[in-house]
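Each remark here refers to the structure printed beneath this line.
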Number of protein chains: 2
Amino acid sequence: MSTTRGVRARARVEVTAAIKDEARRQLAADGAAKLSLRAVARELGMVSSALYRYFPSRDDLLTALIIDAYDSLGEAAEVADDRVGDVAPGQRWVAVCEAVRDWALAHPHEYALIYGSPVPGYSAPEATIPSASRVGLLLIGIVRDAYQQRGVARTPLPAELEPEAQRMAADLAPDLPPEVIAAMVAAWAQLYGLVGFELFGQFNNVVMDREAFFRHAAAQLAHGVGLVFP
Amino acid sequence: MSTTRGVRARARVEVTAAIKDEARRQLAADGAAKLSLRAVARELGMVSSALYRYFPSRDDLLTALIIDAYDSLGEAAEVADDRVGDVAPGQRWVAVCEAVRDWALAHPHEYALIYGSPVPGYSAPEATIPSASRVGLLLIGIVRDAYQQRGVARTPLPAELEPEAQRMAADLAPDLPPEVIAAMVAAWAQLYGLVGFELFGQFNNVVMDREAFFRHAAAQLAHGVGLVFP
DNA sequence: ACAAATAAGAGAGCACCGCTCTTGATTTGG
DNA sequence: CCAAATCAAGAGCGGTGCTCTCTTATTTGT
């Protein structure tokens, strides 16, 4: 019967989900460094070795959490973009930036997991790429809309960056001018600099009104990409 | 005698230095997560408990390494600024940014230690502040020189940021205009976004010619702060 | 329908970790 | 010179990730 075949399968997805949920709880509470397979198993009433039937190692569990975190962040950004409605591209950009920051402040350990220090040698498993790209793709989409609807301000590139900018444009958005793509990639990285500095305490005793500071900085980023405000 | 008093004291500083050196070796090799007191002790031919006479905990050892890393980075930045000589402020800025990036690429695990994810809850011990400030102070100095010698381009602030910008300026550089200080703090954070993305693999398959890309982005940061090129 | 294959949980165990406490030797300062 | 401070060493506690074996329950193929 279809049910008999499903008993094991169903149990498997449920247990897998329960493990991830508990792991996410511990991650949010104490950070990635203190996530312990034994503690997760203990909390779930299993024995630690049983966990290895679901995740072959601690790193694999963390990778699953990383993908979830990327998706959660990506969705938050997409929702924010939808919510803001049909406004000027610059305002959409700022809304997405603020969504990223809000998500980071609400999920600091998860943000640290994906944008903190993923072990400098470590290169992300292929599986993470689509989830990790969501925010970037969203920002590209905003710039593309701006370019098609009202155009963007363009500043010439230094000669040494021409070939690289053309290559990036061909990869990321062949319909957009290379200098805009180059500016966008830089702005994308810079956004995470702003968020990281706030989250990791580098702004302690330096920036007090973080809201206002961030909003202005995000707007300046939009400006640098060539987006305009109404 | 002066020597007798010095036997213990001298041994102490030597052993302390040896511990830090070996720890730094392991940090550079395997990252902060894998730094093990027992392994350090083993390598030094001591027993692990003896290490606790010098550093009361693993975190204290790490804090010592953090301070050293900040100082190493700060000195690299200062040396680069000295070396570049009497050029336009924008070029000094770019030189310092490149020094930060070069240092990060040369010491990835140490960079991750200080600018990665310092455990979101964790707030840096007071002792780290002076060392951590060196790069920031250097950048402020460059902007100050630019302001006094040739002036900087100033763009007005949104009203909501006025008070905060004035507060920051009063704290960091009372002789500089608030909008310049605000732009500088943002640029400072953004610089670390650029470096972090490259170091932590976010630019994999996206940016290839990292040198050229970074140089351009750093120059754009300088522009955003109002610095000019000759 | 039943035997074989497979998946899952339990338990013991290995090698490591940070950290504490006690013990005995050595150096220091009054 | 002797008491006090300092330090290396050892044993030990509770924890970790991970492996291996054993037993039991489910799924599968005939």
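Quick caveat, the model's predicted, so the values are computed rather than measured.
With sequence neighbours excluded, no residue forms a salt bridge (Lys or Arg N to Asp or Glu O under 4.0 Å) with A:R12. Residues meeting the ring pair (Phe, Tyr, Trp, His ring centres under 6.0 Å) test with B:H216, sequence neighbours left out: none. Listed by chain and residue number, A:F203, B:Y115, B:W188, B:Y192 satisfy the ring pair (Phe, Tyr, Trp, His ring centres under 6.0 Å) test with A:F197 (two or more places apart in sequence, or in another chain). With sequence neighbours left out, the side chain to side chain contact (heavy atoms under 4.5 Å, CB included) criterion links B:R58 to B:L35, B:L37, B:L62. By the salt bridge (Lys or Arg N to Asp or Glu O under 4.0 Å) test, B:E75 pairs with no residue at all, sequence neighbours left out.
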Taking only distance into account, with no hydrogens and no angle test, what donor-acceptor pairs under 3.5 Å do side-chain atoms of residues 41-57 of chain B form with protein atoms, sequence neighbours excluded?
| residue | atom | partner | partner atom | Å |
| --- | --- | --- | --- | --- |
| B:S57 | OG | B:D59 | N | 3.2 |
| B:S57 | OG | B:D60 | N | 3.3 |
| B:S57 | OG | B:D60 | OD2 | 2.6 |

**Prompt:** Are A:L221 and A:L194 close enough, and set up right, to give a side chain to side chain contact (heavy atoms under 4.5 Å, CB included), and what steps lead you there?
**Reply:** CA-CA 11 Å; A:L221 284 182; A:L194 290 166; 4.1 Å; yes

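Rounded to whole Å, atom C1' of D:dG17 lies 12 Å from atom CG of A:L35. The distance from atom CD of A:E14 to atom P of C:dA8 is 13 Å, rounded to the nearest whole Å. If you take CZ of A:R58 and P of D:dT19, they are 15 Å apart, rounded to a whole angstrom. Between the NZ atom of A:K34 and the C1' atom of C:dC17 there is a distance of 14 Å, rounded to whole Å. As a whole-Å value, the separation of A:D30 CG from D:dT16 C1' is 15 Å. Note: CZ (A:F55) to P (D:dT16) measures 18 Å, nearest angstrom. For the pair B:Q26 CD and C:dC16 C1', the interatomic distance rounds to 14 Å; values are reported in whole Å.
Across all strands shown, A:R38 has heavy atoms under 4.0 Å from base atoms, whether or not it also approaches the sugar-phosphate. Nucleic acid contact class of B:L61 (heavy atoms, under 4.0 Å, all strands): none. Note on B:S57: only backbone sugar-phosphate atoms sit closer than 4.0 angstrom, heavy atoms only; bases stay farther off.
The 5' end of DNA chain D is approached more closely, in terms of each residue's nearest nucleotide, by B:R12 than by the other of B:R12 and B:S48.
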Every protein N/O lying under 3.5 Å from an N/O of nucleotides 23-25 of chain D:
| residue | atom | partner | partner atom | Å |
| --- | --- | --- | --- | --- |
| D:dA25 | N3 | A:R8 | NH2 | 3.2 |

Strictly under 3.5 Å: I want the nitrogen or oxygen pairs between protein and nucleotides 9-11 of chain C, one per line.
| residue | atom | partner | partner atom | Å |
| --- | --- | --- | --- | --- |
| C:dG9 | OP1 | A:Y54 | OH | 3.1 |
| C:dG9 | OP2 | A:Y54 | OH | 3.0 |
| C:dG9 | N7 | A:R53 | NE | 3.4 |
| C:dG9 | O6 | A:R53 | NH2 | 2.8 |
| C:dA10 | OP2 | A:V47 | N | 3.4 |
| C:dA10 | N7 | A:S49 | OG | 3.4 |
| C:dG11 | N7 | A:S49 | OG | 3.4 |
| C:dG11 | O6 | A:S49 | OG | 2.6 |

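Open room surrounds CG on B:N205; 12 or fewer heavy atoms of other groups in view lie less than 6.0 Å from it.
The list of side chain to side chain donor-acceptor pair (under 3.5 Å) pairs with a residue in residues 14-28 of chain A, not counting sequence neighbours, reads A:K20-A:D68, A:D21-A:R24, A:E22-A:R25, A:E22-A:Q26, A:R24-A:D68.
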